[in-house]
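The structure appears below as structure tokens.
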Amino acid sequence: MIDMVDKFREQFYKKLRDVNDVKSLEELRLDFLSKKGQVSALMKELSKVPDEKKKEYGRLINNFKKELTDRFEDRKSEIVSLQEKLLIDGAESYDESLPVNCPDGSYHPITLVQRELEDIFESMGFDVEDYNEIVDDYHCFEALNIPEFHPARDMQDTYYLTTPKELLKSHTSAAQNAILKKYGPMLHETGRPIRAVFPGRCFRNEAIDANHENTFFQMEGIMVDKDISISNLIYFMKTMLSEVFGREVTVRLRPGFFPFVEPGFELDIQCLICGGKGCPSCKNSGWLELCPCGMIHPNVLKHGGINTDEEPFKYTGFAFGLGLTRLAMMKYGVGDIRAFNSGDLNTLSQFKSI
Ligand code: PHE
């Protein structure tokens, strides 16, 4: 009996560590604390032990039950307050157990996040651009300084069409070349900086789980002008994120490798829940990874027809690739990425109706 309790305790704590949303919390409750759960199974075992041991083991099981219930309730209130804090001002909270109630239809959560970001960037002078989902090898890779056989292609395996060298774009960076070519002449002739964001659906050959999808959304942004530096990148990212989260955010850059930026970074924000001290939602690191970015590689600018080395001006720029799907998960407290493509009205009607 003691061994069983120890074994269940170990299993419980192991599962508890992975519980990050209401759904997995409920699964944990069903596994351990419901009528058909492990604790009830122990109670049933009690009838089989000799009478003189019944009292001792009964107390053991009751204490065990109390311990699990307390830990369960602690984690539950942590998750609830975490979701409340994560919800950005004005966002509706997500609860997939609510009945469908949107007679007029509702927007998809990713559309909502995308529109909000578009408004923020437009207010900072950015143009919003649209781009194809089917692209060619040149735009998706070669123009981005990723030649054939470059190992960086392995991270972005995607779906290839039978047409030679056409594929479903694996990242929104695939639009960079077209945007540079569209706005470059204006930059050279009138000095108007290139400032554009381009949201879009991306595809990758992924093993699907709660955090990975083969179809997801990103929002890319680029800015090119005279003397653009990393400080400009930090300024724009910080301003945009503070706007999205409705409060001042602290950001940090870590080195990150992407062939189309040099230097390249991973931009993290300080955890909004614990303020950087460390908590379950930031895996105790105090930081949340949000957005890869960097200074656009001169080869990418050259492919886009931008003057990188001739006087009178040498143009430089930054690029970032924000995960829209990830942001929507954070904003609405959706624990499982699969909910977005599920077509399940119970889930998708939880958001703002039309
Ligand atoms: N396109 C990259 C990706 O999807 C992200 C990125 C965009 C990195 C812009 C740097 C600059 O992995």
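Only heavy atoms go into these numbers, but all of them, side chains included; no hydrogens, no water, no symmetry mates. Both ligands and their constituent atoms are indexed starting at 1 by order of listing. These numbers were taken from a predicted model, which means no experiment stands behind them.
Shown here for Asp309 and Lys314, the closest heavy-atom pair between the two residues is CA-CG, 3.8 Å.
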query = Between Lys181 and Asn177, does a side-chain hydrogen bond (donor to acceptor under 3.5 Å, both in side chains) hold up when you go through it step by step?
reply = CA-CA 6 Å; Lys181 284 181 177 151; Asn177 186 264; 2.9 Å; yes
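Side chains of Tyr138 and His303: a donor on one and an acceptor on the other come within 3.5 Å. Under the 3.5 Å distance criterion, with hydrogens and angles disregarded, a donor-acceptor pair is assigned to the side chains of Glu129 and Tyr183.
Grouped with Leu168 in one hydrophobic cluster are Ile134, Tyr159, Leu161, Phe203, the linkage being side-chain heavy-atom contacts under 4.5 Å among Ile, Leu, Val, Met, Phe, Trp and Tyr residues.
Each of Gln156, His171, Ser173, Arg204, Gln218, Glu220, Phe258, Phe260, Val261, Pro292, Cys293, Ala319, Phe320, Gly321 has a non-hydrogen atom positioned under 4.0 Å from some atom of ligand 1.
Ile228 pairs in a side-chain contact (heavy atoms from CB on, under 4.5 Å) with only one of the listed residues (Ile222, Thr316, Leu233), which is Thr316.
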